[in-house]
Amino acid sequence: MTPPTSELDRRKFLGAVAGVAGAATLAQLPVGPANATPRPVGGDYPFTLGVASGDPTSSGVVLWTRLVPDTFVSGGGMPATRVPVEWQIALDAGFRRVVRTGTAWALPELAHSVHVEVEGLAPDREWFYRFRYRSDVSPIGRTRTAPVRTGRHAQVKFAFASCQEWSSGYYSALRHLADEDLDLVLHLGDYVYEGGIPADGGYRKTPVPAALRPAPRDLERWRMQYALYRSDPDLQLAHARFPWMVTWDDHEVQNDYANTQSQYEGDISALRAAAYQAWYEHQPVRRPARPTGEGPRIYRRLQWGDLAQFDVIDGRQYRSVPPCGWGEADACAGGYDPSITMLGQTQEEWLYDGLKRSRAQWDVLASNVMLGRLDHDGTAGDLLWHDAWDGFPGARQRLIRAWDRANTRNPVVVTGDWHSTFVNDIHADFDREGTPVVATEFVGTSLTSNGDGEVYGPYYGPMIKYNPHIKFFDGDRRGYVRCTIDREEFRTDLQMVTTVSRADAPKYTYASFVVEDGRPGAVKV
């Protein structure tokens, strides 16, 4: 299909992928300093990427937006100067009971993104928020704060998802996710992909501007990649509905990279720096995640009273180059070298100290890659996938020992990356037969990546019989995982869509599993 070349075609494209933001018809905020700010260069609606919230605590949350009136041009169509953006947070969606207001600077060096860290909110309740720039008002977002105390009947409901390649399909799964009754969303990586966008939009069959076809290599092009993904109405809806906690995996920079090294081109420090900055500019994260000379810190922790502790980790920025080889390779002694790390020493110490201090009934580790072992060749040897924790068995053993030393009551791992669903028993030592099950891992499939193709089912399916700790596997469906934690159990429901080739695809619950309090290992229900 011939790509759009005229301004009219480009605007039709933008209207198709960003209709939700353009339809905002909200009441005006009170007159303030933003009234005298410069008009966008293009004069268009600036909140085309919607709004988001994230990293909630019991007293606050991050509010996010980015001013982008002209999505696929350098600078996003904004003047090359800082501008003030007003924000409000209220107890009700009609904003009759406003509790916090303020003005934040949108800086050109951060792509006119806004990150407002609101504090002083009451715990354990929902809030509504919005922004204004000049006379334009953003869509309304809904968020919530975490509880300080959780009683006998406490409960937390969340979903986790990953791997949302835009050109692999529509985000109908996210539309269904937005309809759920949730407290939180965990996004576990591959929020964007590093490749160029096909002229016909791939699975979406939507012509895209020529500027999107080359792969991102510099900051401006990375910003356009995020703007494309963020312009999707279903992604915007899911962000506006719930607070998110986001980590990254490899495709936010380059496939299977480790620290600053790539198997394809060696040192990728410059590429990584640009990619990390664009990630920060488009996510509702706190100040430590802002790129600095020492690099962003994105690992963090959320306490949900004494019911649950969520540890969101960074498994890319600090990891060693896989000592036994990139990708699929045989196990080797180098993987047990104490200097070889998945998380880096500082993050490991932070994680283990947090486990020791935890008083939570359930400790949830949000991981970008699979923790459980996956033997690829059965009795023939030890062929493993070394981009996951299988490439770092010594580091994995340190984590398992940390759970033991901390007397962690119910460790549960939620994982992205694999475009497949696994339910894994985590044993005390995968190198010794007969060791007890100490934790449970749920690996969620992709939202869109790999489209509707049967890719990993035929590949991984024959391996499962050699891995008795893998209690469930499916490699051919797309969707997300809904989770409910209470005093008795941790329940997961696999929420799948029938296809990613349609924006209105229905969803269904494919399977459900329960981990009972004090009994590691999931049971299908």
Side-chain angles (χ1 to χ4, degrees), residues 53-58 60-62 64 115 117 146 158 160-162 184-191 243-253 257-260 272-273 275-304 308-320 340-358 360 362-371 387-389 391-392 394-396 398-403 406 408 411-417 439 441:
S53 70
D55 288 359
T57 67
S58 61
V61 70
V62 178
W64 173 92
H115 297 76
E117 297 187 25
F158 71 97
F160 69 90
S162 66
L184 179 70
V185 173
L186 300 177
H187 196 289
L188 302 177
D190 296 343
Y191 190 96
W244 286 38
M245 295 188 76
V246 183
T247 189
W248 52 41
D249 193 29
D250 53 341
H251 290 291
E252 287 89 348
V253 179
Y257 82 96
N259 200 311
T260 59
R272 194 186 82 161
Y276 280 5
Q277 178 163 336
W279 183 90
Y280 170 78
E281 292 169 351
H282 293 84
Q283 300 295 356
V285 290
R286 295 182 181 272
R287 275 187 291 271
R290 179 172 175 171
T292 65
E294 298 178 356
R297 172 182 158 168
I298 71 165
Y299 57 87
R300 57 222 191 267
R301 177 171 294 125
L302 168 63
Q303 305 285 356
W304 205 268
Q309 175 171 294
F310 295 88
D311 288 313
V312 180
I313 58 174
D314 176 357
R316 284 290 166 189
Q317 184 175 188
Y318 313 107
R319 72 160 66 179
S320 306
I340 298 299
T341 179
M342 171 68 84
L343 304 179
Q345 181 179 352
T346 301
Q347 185 178 188
E348 280 196 34
E349 291 174 354
W350 166 85
L351 177 60
Y352 304 158
D353 182 64
L355 292 172
K356 285 190 293 186
R357 294 173 182 270
S358 175
W362 300 88
D363 280 277
V364 182
L365 183 71
S367 177
N368 58 306
V369 293
M370 192 156 79
L371 183 71
D387 188 61
W389 285 85
F392 305 82
R396 177 169 59 197
R398 291 195 296 273
L399 170 59
I400 293 171
R401 286 199 303 268
W403 281 329
T408 303
V412 177
V413 185
V414 295
T415 301
D417 179 53
E441 179 178 34

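Worth knowing before you read on, the calculation uses all heavy atoms, side chains too, and leaves out hydrogens, waters and symmetry mates.
- Side-chain N or O atoms of Arg272 include one that pairs as donor or acceptor with a backbone N or O of Asn259 at under 3.5 Å.
- The line from CZ of Phe392 to CD1 of Ile340 is 7.5 Å long, rounded to the nearest 0.5 Å.
- The closest side-chain heavy-atom distance from Asp190 to Asp417 is below 4.5 Å.
- Between the side chains of Ser58 and Gln303, no donor N or O sits under 3.5 Å from an acceptor N or O.
- Heavy-atom contacts from other residues, nucleotides or ligands closer than 6.0 Å to CZ of Arg401 number more than 12.
- Between Tyr280 and His115, the ring planes are parallel. Angles under 30° get that label, and only those over 60° would be called perpendicular.
- Arg300 places no side-chain N or O within 3.5 Å of a backbone atom of Asp55 that could act as its donor or acceptor partner.
- Under the 3.5 Å distance criterion, with hydrogens and angles disregarded, a donor-acceptor pair is assigned to the side chains of Ser358 and Asp363.
- Side chain of Trp64 to backbone of Glu281: a donor-acceptor contact under 3.5 angstrom is found.
- The two atoms that bring Tyr299 and Ile313 nearest to each other are CB-CA, 4.1 Å, heavy atoms only.
- Using a distance-only test at 3.5 Å, with no hydrogens or angles considered, a donor-acceptor pair links the side chain of Gln317 to the main chain of Pro296.
- Proximity of a side-chain donor or acceptor of Arg396 to a complementary backbone N or O of Leu371 within less than 3.5 Å is detected.
- A 4.5 Å side-chain heavy-atom check between Arg287 and Glu117 finds at least one atom pair inside the cut-off.
- Residues Arg297 and Thr346 are not in side-chain contact: their nearest non-hydrogen atoms beyond the backbone lie 4.5 Å or more apart.
- Within the 4.5 Å cutoff, the side chain of Trp248 has heavy atoms near those of the Tyr276 side chain.
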Q | Check against side chain to side chain contact (heavy atoms under 4.5 Å, CB included), Arg319 and Val369 | A | CA-CA 12 Å; Arg319 72 160 66 179; Val369 293; 3.9 Å; yes
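- Leu343 has its side chain out of reach of Arg398: every pair of non-hydrogen atoms, C-beta onward, lies at least 4.5 Å apart.
- Considering only heavy atoms from C-beta on, Leu184 comes within 4.5 Å of Pro56 through its side chain.
- Among Asp249, Val414, Asn368, Val246, the single residue meeting the side chain to side chain contact (heavy atoms under 4.5 Å, CB included) criterion with Leu188 is Val414.
- Closest approach of Val285 to Ala289, counting heavy atoms only: CG2-CB, 3.7 Å.
- Between Glu252 and Tyr191, the closest side-chain pair of non-hydrogen atoms falls below 4.5 Å.
- In this structure, OG1 on Thr408 lies 12.0 Å from CD1 on Ile400, to the nearest 0.5 angstrom.
- Side-chain contact between Leu302 and Val312 is absent, with no heavy-atom pair separated by less than 4.5 Å.
- Ring planes of Phe310 and Phe158: perpendicular class, angle over 60° (limits at 30 and 60°).
- Between the side chain of Asp314 and the main chain of Ile298, no donor-acceptor pair closer than 3.5 Å is present.
- When all heavy atoms of Gly416 and Ser162 are compared, the closest pair comes out as CA-OG, 3.3 Å.
- Using a distance-only test at 3.5 Å, with no hydrogens or angles considered, a donor-acceptor pair links the side chain of Arg301 to the main chain of Trp350.
- The minimum heavy-atom distance linking Ala395 with Tyr352 is given by the pair O-OH, 4.1 Å.
- Of all the heavy atoms in Trp389 and Ser367, the pair that sits closest is NE1-OG, 3.5 Å.
- Between Val253 and Ala275, the closest heavy-atom pair is CG2-CB, 3.8 Å.
- The line from CE of Met370 to CG of Asp387 is 11.5 Å long, rounded to the nearest 0.5 Å.
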